[in-house]
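Right, one structure below, let's go through it.
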Amino acid sequence: MEYSKEVMERYNNPKNVGVLDDNDKNVGTSVVGAPSCGDVIKLQLKVDENGKISEAKFKAFGCGAAIASSALITEWVQGKSLEEAEGIKNREVAEYLSLPPVKAHCSVLAEEAVRKAIKNYQDKNKA
Amino acid sequence: MSSGVIYMDYQATTPCDRRVLEEMLPFFLEDFGNPHSKHIMGRKAKDAIEDARKKIADLIKASDPKEIIFTSGATESNNLTIQGVARFHKTKGRRIITSAIEHKCVLETFQALKRDGFDVVVVPVLQNGIVDMQVLEDSINDETILVSIMTVNNEIGVIQPIEQISEICRKNNVLFHSDAAQAVGKINVDASQVDLMSISSHKIYGPKGVGALYIRLNPRVQLSPLFYGGGQEQGLRSGTLPTPLCVGLGKACAIAQEEMRSESKRLAEFRDYFLKKIFDNLGKVHLNGDAKCCIPGCINLSFEGIEGEGIMLGMPDICMSSGSACTSDLLQPSYVLKAISVREDLAHSSLRIGFGRFTTFDEVDYASSKIIEVVNRLRAMSPLW
C-alpha cells in the first residue's frame with residue numbers, strides 16, 4: 001500500500017496514543033469497529049469546564065490508514081467545542097491524509113469514534 | 001537484490017537464478033529459430049526444448065518426457081487440466097472435486113464449470129490444513145471424473161498426503177490432478193502418484209511466463225485443449241513454444257534436482273532459528289498450518305492484537321505478505337486461513353514469511369528482530385492488547 005507522508009508520519013510517530021480514566025465523568029469513551037473486520041479504534045476525550053476538549057487519546061488495531069486516521073482526529077479535536085468536534089467530517093480526514101478510496105472506511109470509523117465518545121460524555125453528564 | 005531490500009516472499013515469486021538466465025540467453029539472440037521449423041535453426045531450438053522437457057520429467061520422476069507439455073504457467077496448466085478433463089469426460093460424469101484451499105485459478109475454474117452445469121464438490125480441510133480424507137472419499141461417486149488437490153499450499157506451506165489421495169482415486173477409477181506449483185523443486189514429487197500435475201517456472205528460480213503440465217501416457221489421460229491452432233504439444237497447447245523460457249524452466253528443474261536436498265536443509269535451519277526467536281520474544285503468536293507437514297521456506301504466523309498490513313508498514317525494507325483484508329484488493333481476509341478455522345481477527349493479524357535460495361542467515365536474523373520490534377510497538381497502541 002502506497003501511503004502519503006501524512007499517513008506515514010502518524011503511523012511512525014503517532015501523538016496521543018494512550019488512555020484516559022474512564023471513571024472520570026469529564027471523559028467520554030468510544031470503541032468502534034470490530035476485530036473480525038480488522039479495524040478497532042478506542043477513542044477518549046476529556047472535556048474541561050468551558051465545554052472544550054482539553055485532551056484526546058486513542059488506541060487502534062488496524063492498518064496504517066486506521067492508525068493515522070485516529071491519530072489525526074485526536075490532534076484535530078483538541079481545543080475544540082463539542083459542536084465543532086462533531087462537525088469534523090470523515091472526508092476531511094481522508095483528504096488530509098490522501099487516503100486511497102479503499103481506505104475511506106478508516107476515516108469513517110474515526111469520525112464515528114469522535115461522535116460516540118461525545119455521546120458517551122453527554123450521557124454520563126445527563127443527570 | 002535491490003540494495004537494502006530483503007525479499008521474503010518466495011511463495012509469490014522467486015528471482016531468476018543467474019545460471020538459468022545464462023542458459024536462456026543464446027536462445028534470444030543466436031539460436032532464435034522456431035522449434036517447429038524443419039531447418040537447422042529449428043532443429044537446434046527443438047533439441048534444446050526436448051532437453052528441457054527431459055529435465056522437467058526427471059525432476060518429477062515422469063517415465064517419459066512426452067508426458068510433459070509446456071504452458072504459460074501454472075494458471076494455464078490448471079485451467080487446461082480442469083476444463084480439458086471436464087469437457088472431454090462430461091458424458092461419463094459431471095462431478096468434479098477439489099479442496100477449499102486451492103489457488104484461486106483452480107477454485108475459479110471450478111466455479112466457472114459449476115455455472116456450466118458441473119457438479120462441484122469443495123472438500124474442507126482440517127485445522128492443520130490437511131484435506132479431510134473421509135469427506136474426500138465420501139464425495140467420490142459414480143459420476144466423478146476428476147479430483148484436483150494441490151501438493152503444497154501457497155499460503156501455509158502445508159503438504160497434502162498425495163500418495164493417500166492417489167490411492168483413493170485409483171481405487172475409484174477417478175483422474176487425479178495436483179497443482180504442484182509450490183512443491184516441485186522444494187520437495188520430492190512423484191508423477192507416478194498422479195495423472196496430471198501442474199508446474200510453475202517462476203516459483204523455482206526460472207523465468208516468468210512459462211510452466212508445464214504433466215499428463216500421464218500410460219494409461220493415457222485424455223483431455224480437450226483450451227485453444228486451437230497449429231496443434232503443437234500433441235494438439236493440447238497450440239502456439240509456438242517460447243524456446244528461451246522452456247530452456248529456462250528446464251535448467252531451473254536441473255538445478256533444483258541437484259540442490260533441493262541441501263537447500264531444504266538450510267531453509268529448515270533458518271525456519272527453526274526464526275521461529276524460536278519469535279516465540280522466545282513474543283507471546284500470543286500462532287503458527288498457521290501444520291508445524292511438521294510443511295515446506296520449510298513458508299511460515300505463516302498470526303500476531304494477536306495487531307493487524308498484518310500495519311506490521312508490514314513498519315518494515316518497508318522487508319518484502320512479505322499478509323492474509324489481512326487490508327492487503328487484498330477485495331478487502332476480504334484470506335480464504336485459506338478461514339478454511340483452517342483461524343479466527344477472523346487472527347486472519348487479519350497474519351504474516352507470511354517466505355525464505356528461499358538467496359535468503360541469508362543475516363537476513364533471517366534481521367527480519368526476526370524487526371518483526372519483534374514492530375509487533376511490540378503496535379501492540380502498545382492496540383486497544384485489543
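Only heavy atoms go into these numbers, but all of them, side chains included; no hydrogens, no water, no symmetry mates. Note on naming: letters A, B, ... go to the chains in the order of the sequence lines (proteins, then strands), and numbering restarts at 1 for each one. Note that the structure is predicted; figures quoted are calculated from it, not measured.
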Check your understanding: Should S382(B) and K59(A) count as side-chain neighbours, where that means a heavy-atom distance under 4.5 Å?
Key -> no
Check your understanding: Which pair of non-hydrogen atoms, one from R377(B) and one from N12(A), has the smallest distance, and what is that distance?
Key -> NH1-O, 3.4 Å
Exercise for review: Under 4.5 Å heavy-atom distance to chain A, tell me which part of S322(B) shows up: side chain, backbone, both or neither.
Suggested key: neither
**Study point:** Min side-chain heavy-atom separation E307(B)-I67(A) under 4.5 Å
**Key:** no
Point to revise | Heavy atoms from other residues, nucleotides or ligands near NZ of K338(B) exceed 12 (cutoff 6.0 Å) | key: no
Practice item. Over all heavy atoms of both residues, which pair between I311(B) and Y11(A) is shortest? Give the atoms and the distance, please. Key: O-OH, 4.2 Å
Point to revise | Atom group of A347(B) that falls short of 4.5 Å from chain A, counting heavy atoms | key: neither
**Study point:** Pick from C106(A), A65(A), G62(A) with the largest number of heavy-atom pairs that fall under 4.5 Å of chain B
**Key:** G62(A)
Check your understanding: Just how far is it from atom CE of M381(B) to atom CG of N16(A), taken to the nearest 0.5 Å?
Key -> 11.5 Å
Exercise for review: State whether the number of non-hydrogen atoms from other residues, nucleotides or ligands found under 6.0 Å of K80(A) atom NZ is greater than 12.
Suggested key: yes
Check your understanding: Do you know the tightest heavy-atom contact between A60(A) and P383(B)?
Key -> C-CD, 3.2 Å
Point to revise | Within 6.0 angstrom of K46(A) NZ, more than 12 heavy atoms from elsewhere | key: no
Review point. So how far is it from L384(B) CG to F61(A) CZ, rounded to the nearest 0.5 Å?
Key: 5.5 Å
Check your understanding: What residues of residues 32-45 of chain A sit under 4.5 Å from chain B when only non-hydrogen atoms are counted?
Key -> P35(A), S36(A), C37(A), G38(A), V40(A), K42(A)
Check your understanding: Relative to chain A, which segment of R343(B) carries a heavy atom at a distance below 4.5 Å: side chain, backbone, both, or neither?
Key -> neither
